[in-house]
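Each ligand, and each atom within it, is numbered from 1 in the order the structure gives. Small disclaimer: the values here were computed from a predicted structure and weren't measured.
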Amino acid sequence: AAIGPDTFEHEQVVLCQDPASNLKVIIAIHSTALGPALGGTRFRAYPSDEEAVKDALDLSRGMSYKNAMAGLAFGGGKAVIVGDPVRGKSEELLLAFGRCVAALGGRFITGPDLGTDIPDMEVAARVCRWTVALSREGGDAGDTSGFTAQGLIHAMRAAARYRWGSTSLQGRVVGVAGLGKVGRRLVRLLVQEGAKVIVADVRAEPVRRVVKEFPQAIAVEDPEALIRFDGMDVYAPCAVGGVLDTAVASALTAEVICGAANNQLAHPDVERRFASRGMLYLPDYVVNAGGAIRAAGETLGYSLRESADKVEQIFDTTLQVLEHAESAGILPGEAADRTARRRITAAAEDQARG
Ligand code: PHE
């Protein structure tokens, strides 16, 4: 990526490495205006280091907006470890990563994300105080994924109310793309809600697992087939970002898009394309904030009950964003961006005044 006018949007970007364990990590702190930067650690093989850096910059900005919209006193950051999360992970690497986070002295607080899990964070936590989402056995809250999935249900209910006049998801056809930590929990909750669930993943194994556990769920052959699936009420992208591009915006027929993935829009214009086709895109960082809410709650000593109550507020926040967009004549994505930026800027100005 070239150095340009937006290069210095972020407060701090750190590149760390540990040649002995093959660790290469980018830690991007987008903003600490609202509080310490909170965000997960992603472990992924990227086609190039440039793309990894770009992902870290985009994901950390997303975390600032997410935390601001969730009303959390936390800024936004993200760590991106470059490598294969299956073959490239080792205890040495995770310890080296923990030391990189520790060196930031609490400006960045992290937990699991795509490619990392609780045991990984437990290893890093041996050398670093700034990790959250540790295991329940350790007296901590455990995985944040269940909270993210529950938050999506609240957001889908808000969209259902706005769009169809009732918060019920009973009988609604919901497509879940990506059956990782959040996707499979979302399937369980949707089945409990009486929704008809269609699932897809790039890997065969998670699909087999989910269909075995929930024989009601229908599997299609791959994520592309899910996009072409006719008659979906809600489409929920729950894997990597950037999946909503112009081709998808033309092929998809779901009425509502509401998923867990971060940075779903390949380009901001894609939302306009959805709107022109009468489809409603719910801003990703508003609806997928459940995990961040729990991570923040764990840091602040909230009980699981208190965190669940705060996650429930995603229902109101989603409706407020939709109503704001409608009254201002703008798209929901723009409405959410404006509110998030206003909160971050106000906090930054307060900070500057001291
Ligand atoms: N990784 C999840 C997210 O992107 C949840 C999480 C948030 C984990 C913040 C740790 C810290 O929202």
Going by the order shown, which atoms of ligand 1 are within less than 4.0 Å of some heavy atom of [X]?
X: N262; value: 4 (O)
X: L38; value: 9 (C), 11 (C)
X: A295; value: 9 (C), 10 (C), 11 (C)
X: K66; value: 3 (C), 4 (O), 12 (O)

[X] [atom1] to [Y] [atom2] distance, which is reported to the nearest 0.5 Å:
X: R342; Y: I344; atom1: CZ; atom2: CD1; answer: 11.0 Å
X: K89; Y: D120; atom1: NZ; atom2: CG; answer: 3.5 Å
X: R161; Y: T318; atom1: CZ; atom2: OG1; answer: 12.0 Å

For S21 against A96, the heavy-atom pair lying closest together: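 Closest approach of S21 to A96, heavy atoms only: OG-CB, 4.0 Å.
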Check for me whether K78 has a heavy atom closer than 4.0 Å to any atom of ligand 1.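 K78: in contact with ligand 1 (<4.0 Å).
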Winner among D113, L59, N67 once heavy atoms are compared against atom 2 (C) of ligand 1: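 It is D113 whose heavy atom sits nearest to atom 2 (C) of ligand 1.
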Between R208 and E205, is there a side-chain N and carboxylate O pair less than 4.0 Å apart?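 Yes.
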R273 bridged to D269 by N-O distance under 4.0 Å: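 Looking at R273 and D269, the cut-off is not met.
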Just heavy atoms, cut-off under 4.0 Å: does [X] contact ligand 1 by side chain, backbone, both, or neither?
X: A292; answer: both
X: P112; answer: backbone
X: I109; answer: neither

When the ring planes of H30 and H10 are compared, do they come out parallel, tilted or perpendicular, using 30° and 60° as the limits?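 H30 vs H10 ring planes: perpendicular.
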